[in-house]
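This report refers to the structure that appears directly beneath it.
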Amino acid sequence: MIDIRRLRTDPGGTKAAMARRHDPAVLVDLDRAVALDHDLRTRAATRDGVRAQVNALSKAVAEAYRAGDRDKGDQLKAESRSLGEEEKRLVQQAAAVETELRELLLRIPNVPSAEAPDGAGEEDNVIVRVENFDPDSYGDHQRVPHWEVGRELGILDLERGAKVSGSMFPVFRGCGATLVRALTQRALDANADSFEEIRPPTLVRTDTLTATGQLPKFADDAYYIERDDLWAIPTAEVPLTSLYRDEVLEEAELPRRLMAYSPCLRREAGAAGRDTRGLLRVHEFDKVEILALTTPEQAAAVHQDLLARAEARLIELALPYRVVDICAGDLGQSHARYFDLEVYAPGVDMWLEVSSISWFSDYQARRANLRYRRGAGGASGAGSGTEFVHTLNGSALAVPRVWAAVVETYRQPDGSVTVPEVLRRYFRGTERITPPT
RNA sequence: GGAGGGGUGCGAGAGCGGCCGAAUCGGACGGUCUCGAAAACCGUUGUGGGGGCAACCUCACCGUGGGUUCAAAUCCCACCCCCUCCGCCA
């Protein structure tokens, strides 16, 4: 959620910043939020005033009875009752406005960071760097899409995946399955120096999915189990962020760094027909997520660290990649700013998005009511007070697309695929994946 | 799934429908004492909303949401969560 107080005190500035999203509907919503907020505060003030009178009368009733003055008590009671009816009406009216405002606020996106580049959409994203890329370095043997490589080597079985669960539910087998596990394991190992490993639940409550911003707006993108009122997570970001929901952390324990391997389930409702071949877009995949809860001051540096960590995985796999600075017009709902990491896959000749390194400012924290206490430790120290944390996260490694890039890049002229050096230790001695005999 | 018990402030834990935002103990913080520390003693110590330059005023919050009542932590209903036993089970 955005800060309603900021909107109230500086509607012009907030709208100007938000205008960079290039979504006129959002500006309309902001105006409506300002109006609702004003209405709510007016109504709440009169409601509280009447309520104060009722409270005072109730006290007077008690005193009258205690003093033995029944007549006076009865009279005050009658007075209070009629005032109470008025109060009831005011309460209902205020509650209706409050609900309307809250529902609106849950749908208003985050304010873009000033550092996010200008731009209206995807085409205006800024390619910050391209690393390790030489288009002429590839041989014909590397220009084979991973789904063909996978079938040749018997390590990817899309047909049987479709039989078992439907299209876009890949089945990895043999060394293909090992490669999935190796990539996962490597990402966890490489970040264990400063991230606590968590193995979170895959099914979460509605509140949890609301905290990170997927609900209410993007319900169609998530798998939902009606019978138990639970949602399948689209990323470990969801349970990790909610781990500390409704808590107050100490400033001294920030930044708090967490990582998790988890399955990720996505209906991809809005992407029907796009990138459907092979592993480019699937309903279920594995990912290692790294996440940090920080103070506002720490956020920028931590953001860079997350980016560097995600890059390091691609560097050690010797895969070409580029860093894309997402423009204000293309930001996701919860983002203040983010970088995409795109890996080059020679077989499909595409840059595949393998990580979004995201900074949500206090947007998710406000939804999750996740705060920290400012000032060192003390419960009553001067300058203490609670404030919302900043949340940041990124994929340390998203398996299927990296899997595709590895298989295509490491394919040899004889059709085999060599196992990247960093992953060998997870491969039980196998250095080369060859077709089944 | 069945039977029972329970959810109160940072923690433990009390709380006749009104004098309860909440006893008491512990913790934390500040102070006194001390060369210093411990002990002892004194004091402070929840969150959020609204109003006010301010002292301050006011509203809400005792798992969540409804209800009864002039008045609810306290009574009623529903739900959620936790614990114990039984059943089932990777």
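Residue numbers start from 1 in every chain, and the chains themselves are labelled A, B, ... in the order their sequence lines are given, proteins ahead of strands. Treat the numbers as computed from the prediction; the structure is a model and nothing was measured.
- Among the heavy atoms of the strands lying under 4.0 Å from A/A52 are primed sugar atoms or P, OP1, OP2 only; no base atom is included.
- Relative orientation of the A/W403 and A/H146 rings is perpendicular, given thresholds of 30° and 60° on the angle between their planes.
- Under the Watson-Crick or G-U wobble criterion, with both distances below 3.5 Å, B/rG27 is paired with B/rU45.
- A salt bridge links A/E100 with A/R32: at least one charged nitrogen is closer than 4.0 Å to a carboxylate oxygen.
- Residue A/L40 contributes atom CG, which lies 15 Å from atom P of B/rA60 at whole-angstrom precision.
- B/rC29 and B/rC82 have their C1' atoms separated by 32 Å, with the value rounded to a whole Å.
- Partners of A/D207 according to the salt bridge (charged side-chain N to carboxylate O under 4.0 Å, His left out) rule, which considers only residues two or more places apart in sequence or in another chain, do not exist here.
- Across all strands shown, B/rA14 remains unpaired; no Watson-Crick or G-U wobble contact has both distances below 3.5 Å.
- For the pair A/T386 and B/rU47, the criterion of a side-chain N or O lying under 4.0 Å from OP1 or OP2 is not met.
- B/rC81 and B/rU64 have their P atoms separated by 15 Å, with the value rounded to a whole Å.
- Partner assigned to B/rU32 is B/rA40, using Watson-Crick or G-U wobble distances below 3.5 angstrom.
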Tell me which donor-acceptor pairs under 3.5 Å the side chains of residues 53-69 of chain A have, and how far apart each pair is, sequence neighbours excluded?
{"unit_1": "A/S58", "atom_1": "OG", "unit_2": "A/V54", "atom_2": "O", "d": "3.1"}
{"unit_1": "A/Y65", "atom_1": "OH", "unit_2": "A/D74", "atom_2": "OD1", "d": "2.5"}
{"unit_1": "A/D69", "atom_1": "OD1", "unit_2": "A/K72", "atom_2": "N", "d": "3.2"}

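- Rounding to whole angstrom units, CG of residue A/L370 and C1' of B/rU47 are separated by 15 Å.
- On the P atoms, B/rA73 is 9 Å away from B/rC19, given to the nearest whole Å.
- No contact: A/R43 has no heavy atom under 4.0 Å from any strand.
- A 3.5 Å limit on both hydrogen-bonding distances identifies B/rC77 as the Watson-Crick or G-U partner of B/rG65.
- Atom CZ in A/R51 sits roughly 17 Å away from atom P in B/rG49 (whole-Å rounding).
- Comparing B/rG9 with B/rG26, their C1' atoms are spaced 13 Å from each other, to the whole Å.
- In this model, a donor atom of one side chain and an acceptor atom of the other lie less than 3.5 Å apart for A/D189 and A/Q185.
- Comparing B/rC56 with B/rA22, their P atoms are spaced 16 Å from each other, to the whole Å.
- One N or O donor and one acceptor, one from the side chain of A/D48 and one from the base of B/rG49, sit under 3.5 Å apart.
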Only pairs under 3.5 Å count here: list side-chain donor-acceptor contacts from residues 161-182 of chain A, not counting sequence neighbours, and write none if there are none.
{"unit_1": "A/R173", "atom_1": "NH1", "unit_2": "A/D157", "atom_2": "OD2", "d": "2.7"}
{"unit_1": "A/T178", "atom_1": "OG1", "unit_2": "A/G174", "atom_2": "O", "d": "3.2"}

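- At whole-Å resolution of the value, CG in A/D246 and P in B/rG48 are 13 Å apart.
- For A/N369 and B/rG48, the CG to P distance is 9 Å, given to the nearest whole Å.
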Summary of protein contacts for nucleotides 68-79 of chain B, nucleotide by nucleotide, where a base hit scores B, a sugar-phosphate-only hit scores S (4.0 Å, heavy atoms): S-BS--------

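- Along RNA chain B, the nucleotide nearest to A/R66 and the one nearest to A/A45 differ in position, and the one closer to the 5' end is contacted by A/R66.
- For B/rG48, the OP1/OP2 oxygens have a side-chain nitrogen or oxygen of A/R371 closer than 4.0 Å.
- Atom name P, nucleotides B/rU74 and B/rG66: the rounded distance is 14 Å, in whole Å.
- Base pairing of B/rG1: its partner is B/rC86, meeting the Watson-Crick or G-U wobble criterion (both donor-acceptor distances under 3.5 Å).
- For A/R425, the salt bridge (charged side-chain N to carboxylate O under 4.0 Å, His left out) criterion is met by no residue, not counting sequence neighbours.
- In this entry the distance linking CZ of A/R41 with P of B/rG48 reads 18 Å, nearest Å.
- Taking atom C1' on both nucleotides, B/rG21 is separated from B/rU8 by 11 Å, rounded to a whole Å.
- Atom-to-atom, CZ of A/R373 to P of B/rC10 comes out at 8 Å; the value is rounded to the nearest Å.
- Taking atom C1' in both B/rG52 and B/rG18, one finds a spacing of 31 Å when rounded to whole Å.
- In this structure, A/R5 reaches the B/rG49 phosphate: one of its side-chain N or O atoms is under 4.0 Å from OP1 or OP2.
- For A/L397 against A/R313, the heavy-atom pair with the smallest separation is CD1-CB, 4.2 Å.
- Atom CZ of A/R70 and atom C1' of B/rG18 are 15 Å apart (whole Å).
- The salt bridge (charged side-chain N to carboxylate O under 4.0 Å, His left out) pairs that include a residue from residues 35-47 of chain A are A/R8-A/D37, A/D37-A/R41, A/D39-A/R43, where partners are two or more places apart or lie in different chains.
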